[in-house]
2 protein chains.
Amino acid sequence: MANDSVLMPFKDRDHAHQSCLEKALDQAVKNCESSGVRLTPLRRRVLELIWGSHMPVKAYDLLDQLRDEKIGSAPPTVYRSLDFLLEEGLIHKLQSLNAYVGCGEPLKHHTSQFLICRDCGEVAEMDDPDIQQVLSRKAESLGFQVLDKTIEIQGLCEKCIAG
Amino acid sequence: MANDSVLMPFKDRDHAHQSCLEKALDQAVKNCESSGVRLTPLRRRVLELIWGSHMPVKAYDLLDQLRDEKIGSAPPTVYRSLDFLLEEGLIHKLQSLNAYVGCGEPLKHHTSQFLICRDCGEVAEMDDPDIQQVLSRKAESLGFQVLDKTIEIQGLCEKCIAG
DNA sequence: AATGTAATGTTATAATATAACAAATTTATC
DNA sequence: GATAAATTTGTTATATTATAACATTACATT
Ligand SMILES: [Zn+2]
Ligand SMILES: [Zn+2]
Ligand SMILES: [Zn+2]
Ligand SMILES: [Zn+2]
């Protein structure tokens with residue numbers, strides 16, 4: 001079973017996360033250069049903080065961390081950065097958690113489907129053509145024009161089931 | 001194409017909504033009787049207010065209406081009723097809107113997929129086996145145990161496209 | 001350097017939701 | 001029916017998530 005559709009799988013706790021972080025930042029730099037937008041130090045730092053793990057991060061937790069570092073200080077600081085990163089497709093918002101995760105494939109804009117583990121809190125990101133197709137077909141058959149999709153599956157990841 | 005999977009389609013503005021409301025309340029009474037739980041006047045009224053239309057309703061709008069009627073008065077009043085109605089499967093929460101809609105098929109608990117029109121604000125509810133299956137299969141192929149699904153498609157309904 | 005635009009700072013407030021405890025109501029038991 | 005237990009609702013306070021409005025700073029263009 002080819003799983004190209006999994007953009008960001010569940011990760012082992014001891015995986016080399018530094019490379020996830022570096023890859024994400026490299027891609028963000030490229031992405032912003034080619035879009036002609038500015039990945040300022042603040043925006044870059046917010047992205048780094050979000051990529052601190054594969055768990056969704058809350059806006060006010062980001063704010064606390066920024067305050068510790070004497071960067072920014074008020075909600076608009078972090079929400080503006082989040083808006084920027086969302087618009088550039090560098091992060092996603094999980095509507096069912098009011099939290100944010102780094103995008104596993106930021107080079108092209110796309111919609112995703114998320115698997116959210118209720119035990120370990122990690123998130124996996126997919127962009128599965130079969131899922132997209134069945135939803136698109138269904139909407140089309142009802143004369144509905146799709147503009148955006150929110151698809152978030154909550155449950156238990158393989159490792160947490162294994163115990 | 002048989003569309004049993006559509007539990008609550010988009011409705012014409014001039015449809016006989018009274019019958020939607022009565023059906024929903026009748027089913028709620030039956031549902032609660034068979035579950036041995038109490039559909040108190042407050043809970044019943046909140047359900048009625050939610051069924052005032054096919055548009056999602058916000059918690060604080062419900063609270064304002066209850067205050068006008070001198071029923072309840074504080075956030076916990078409405079949130080408790082919402083929790084009750086959610087647990088009984090009589091309403092659903094739309095995570096992408098922080099708003100609530102009546103369930104189109106409350107006699108059995110189920111997950112749904114929602115189509116949300118950004119123009120008219122109406123919501124259609126589906127429980128489509130093809131959608132459920134493709135998601136379940138995908139999750140299963142990744143060793144993920146599904147506990148809950150959030151599937152909300154935003155776009156334009158047929159009538160709004162027609163203009 | 002002067003000007004215009006974009007980004008960030010700052011203060012205040014809006015919108016959504018829950019905690020904790022008291023009072024009232026309903027149900028169960030004697 | 002009186003009493004006790006459990007459920008529901010009331011009440012006050014607070015937590016959490018997000019935006020509005022306007023001032024200041026940094027950057028880019030001329
Ligand atoms: Zn990693
Ligand atoms: Zn897990
Ligand atoms: Zn109706
Ligand atoms: Zn519409």
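Numbers restart at 1 for each chain; the letters A, B, ... are given by sequence-line order, proteins then strands.
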Would you indicate, yes or no, if [N] has its OP1 or OP2 atom less than 4.0 angstrom from a side-chain nitrogen or oxygen of [X]?
{"X": "R43(A)", "N": "dT8(C)", "answer": "yes"}
{"X": "T40(B)", "N": "dT25(C)", "answer": "no"}
{"X": "K93(B)", "N": "dA17(C)", "answer": "yes"}
{"X": "Y79(B)", "N": "dA17(C)", "answer": "yes"}

Find the distance [X]:[atom1] to [N]:[atom2] and express it as a whole number of Å.
{"X": "L39(A)", "N": "dA6(C)", "atom1": "CG", "atom2": "P", "value": "18 Å"}
{"X": "L63(A)", "N": "dG9(C)", "atom1": "CG", "atom2": "P", "value": "11 Å"}
{"X": "R38(A)", "N": "dC27(D)", "atom1": "CZ", "atom2": "P", "value": "6 Å"}
{"X": "L94(A)", "N": "dT16(D)", "atom1": "CG", "atom2": "P", "value": "19 Å"}
{"X": "D83(A)", "N": "dA6(C)", "atom1": "CG", "atom2": "P", "value": "16 Å"}
{"X": "I71(A)", "N": "dT8(C)", "atom1": "CD1", "atom2": "C1'", "value": "13 Å"}
{"X": "R45(B)", "N": "dT9(D)", "atom1": "CZ", "atom2": "P", "value": "15 Å"}
{"X": "L86(B)", "N": "dT18(C)", "atom1": "CG", "atom2": "P", "value": "10 Å"}

For the side chain of [X], starting at C-beta, report the closest nucleotide among [options].
{"X": "A59(B)", "options": "dA17(C), dT11(C), dT9(D)", "answer": "dA17(C)"}
{"X": "K58(A)", "options": "dA17(C), dA19(C), dT17(D)", "answer": "dT17(D)"}
{"X": "A74(A)", "options": "dT18(C), dT27(C), dT10(C)", "answer": "dT10(C)"}
{"X": "L42(B)", "options": "dA18(D), dC27(D), dG10(D)", "answer": "dG10(D)"}

Given that R80(B) and N98(B) both sit by DNA chain C, which one's nearest nucleotide is further toward the 5' end?
N98(B)
Counting distance alone, no hydrogens or angles: does the base of dA17(C) have a donor or acceptor under 3.5 Å from a partner atom on the side chain of Y60(B)?
yes
Would you kindly compare Y100(A) and T77(B) by the position of their nearest DNA chain D nucleotide and give the one closer to the 5′ end?
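Here T77(B) is the residue nearer the 5' end.
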May I ask you to decide if the ring planes of H110(B) and H92(B) are parallel, tilted or perpendicular, using 30° and 60° as cut-offs?
perpendicular
F144(B) versus E158(A): any side-chain heavy-atom pair under 4.5 Å?
no
Charged N-O contact under 4.0 Å between R45(B) and E48(B):
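Answer for the salt bridge query: yes.
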Is the backbone N or O of K11(A) less than 3.5 Å from a side-chain atom of E122(A), with the two atoms forming a donor-acceptor pair by type?
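Yes; judged by distance alone, with no hydrogens or angles, the pair exists.
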Looking at R137(B), I'd like to know if its CZ atom is crowded, meaning that more than 12 non-hydrogen atoms belonging to other residues, nucleotides or ligands lie closer than 6.0 Å.
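No, not enclosed.
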